[in-house]
Amino acid sequence: MTNSPVLVWFRKDLRISDNPALHAAAQMKKPILPVYVLDDENAKDWRLGSASRWWLLRALHALNKKLDGNLLILSGKADDVIPQLVATHNITHVYWNRCYEPWRTARDTKIKSALTQSGATVQTFQASLLWEPWEILKSDQTPYRVFTPFYRKGCLPHSEPRAPLPAPPSLEFFQATQGLSTSQLEKKLLPQPLQPRWDIKMEPYWESGEDGAAKQLEKFLLHGLKNYKDGRNFPNEEYVSRLSPYLQMGEISPHQVWHAAKHAGLELKSERDLDHFHSELGWREFSYYLLYHFPTLPTEPFNARFNDFPWADPDPKILKAWQMGQTGYPIVDAGMRELYETGYMHNRVRMIVGSFLVKHLLIHWHHGENWFWDKLVDADLASNSASWQWVAGCGADAAPYFRIFNPILQGEKFDPNGDYVRRWVPEVAHLSNNVIHKPWESSNPPAAYPAPIVDHDKGRARALNAFQQLKDAA
DNA sequence: TGCCTGTTCGA
DNA sequence: CGAACAGGC
């Protein structure tokens, strides 16, 4: 029994630095059995989307390399797979880092109690959130529903995020049975049949794994943090961190990002930018917090008044035009094409395309949520559902429904030289700056580019009218 | 992290 | 006649 391994179950923490479960296991002085379980059955509706599966494949390869090829990758229900492994190898200690999606907490609770009953020691750790959702409550012991007091009164005074842990200096591994081979894993994760490979387009835009995350963080701290607060609004400039996909898969931890940014921000004497960047990590916390306390967040309007909102019957052609970047509004189409091509969209543009879908097109936010879930490399159940609810006006601390982005003005304001639009919508590249965000006004309108699928004034009026019906009903 | 419209005020 | 501002959606 003395050389029975410690099982470290990797989930959304695909890294070896600042990994508390791995760190604790390494201190046991026992061989380590690192495991990843591809657990689609438990995920049901929130089975990973295509872009996430592509990202996961690369992240697993990178993690396996860090673990000297010892990562055991299995497929099946974790409720079965993990206890079976524990029984087969007489494992006495099982460590993992906590997850917060409702389906994962339910699953983990079940597994933990089964393992504990059979005599194993299970320890779980905090690794992907800076503050545990159950520790941040208002004085009346109910959860916050508004971001600013959540962050400023709840989180910040509660505790300074702990310092990141180093990677274990050396690891001794337990030789287990074979898991999935590379080709078996690819078969499970990538679209079948393999042609056409939609995902392959994303390859040149991203470096995977913990090392890719560290490089991206370093790049952001050197070039993006200074002037982050203002610069982050301009999609053609590189002030945003682009760390979201790495955070979502846990190739970097929020603790690492928090402290590295703090160090760099103080060095740069840009406290304003640092505070703003920290607060964006705070929004990520807030999304998980809401999902934890309100598990129906992905499907039900947070604000129940929106239960009867008169969404339009979705016209498949209109929805498709939005998805593929053929709405006739260059800033909207640029964003949707950036997403399809790279698996990512700049945050400012996410708000614009989101507002356009739910307001100008009056299409239910679920359709946007589902498309983003499938196509974003940073698709995250908490952030995705909280953000779609926010943009639709039914979320916690949401933008009021009457706050409707004008896609022309937003383009002119945040892409004043049209560079972002020219990059992703080549049909309008020849237009001058004064018409590039409204090509229909050009004396030489592009032939191959669609006319707006909805007139801005009419779309806006229809959205306000729909909202009015909700108010009248109340 | 909204936009539109109407009003006022100074050129 | 444009900027600045207030109020409503």
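Chain A is the first sequence line, chain B the second, and so forth, proteins listed ahead of strands; every chain is numbered from 1. These numbers were taken from a predicted model, which means no experiment stands behind them.
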Exercise. Taking the six-membered ring of W9(A), is the NZ or CZ of R11(A) close enough (under 6.0 Å from the centre) and on axis enough (within 45°)?
Worked result: yes
For this session: Scan R232(A) against the nucleic acid and name what it touches under 4.0 Å (heavy atoms): base, sugar-phosphate only, or nothing.
Result: base
Exercise. Counting any heavy atom closer than 4.0 Å, what does R460(A) reach on the DNA or RNA strands: base, sugar-phosphate only, or nothing?
Worked result: base
Exercise. Within 45° of the six-membered ring axis of W96(A) and under 6.0 Å from that ring's centre, is NZ or CZ of K112(A) located there?
Worked result: no
For this session: Under 4.0 Å from any atom of DNA chain B, heavy atoms only: list the residues of residues 281-290 of chain A that qualify, in numerical order.
Result: W283(A)
Exercise. Is the charged tip of K359(A) near the ring of Y401(A): under 6.0 Å from the six-membered ring centre and within 45° of its axis?
Worked result: yes
For this session: Before accepting this row, confirm whether a basic side-chain N of the pair K12(A)/E101(A) lies closer than 4.0 Å to the acidic partner's carboxylate O.
Result: yes
Problem set entry | Geometric cation-pi criterion K226(A) and Y239(A), 6.0 Å radius, 45° cone | no
Problem set entry | Spacing between R403(A) atom CZ and dG8(C) atom C1', to the nearest angstrom | 13 Å
Problem set entry | Cation over ring face, R348(A) and F414(A), 6.0 Å, 45° | yes
Exercise. In this structure, which one of F372(A), W206(A), Y205(A), Y246(A) forms a ring pair (Phe, Tyr, Trp, His ring centres under 6.0 Å) with Y344(A)?
Worked result: W206(A)
Problem set entry | Boundaries of the DNA chain B segment in contact with chain A, non-hydrogen, under 4.0 Å | dT1(B) to dC4(B)
For this session: Hey, could you give me the CD/CG distance between E210(A) and D18(A), rounded to the nearest 0.5 Å?
Result: 9.5 Å
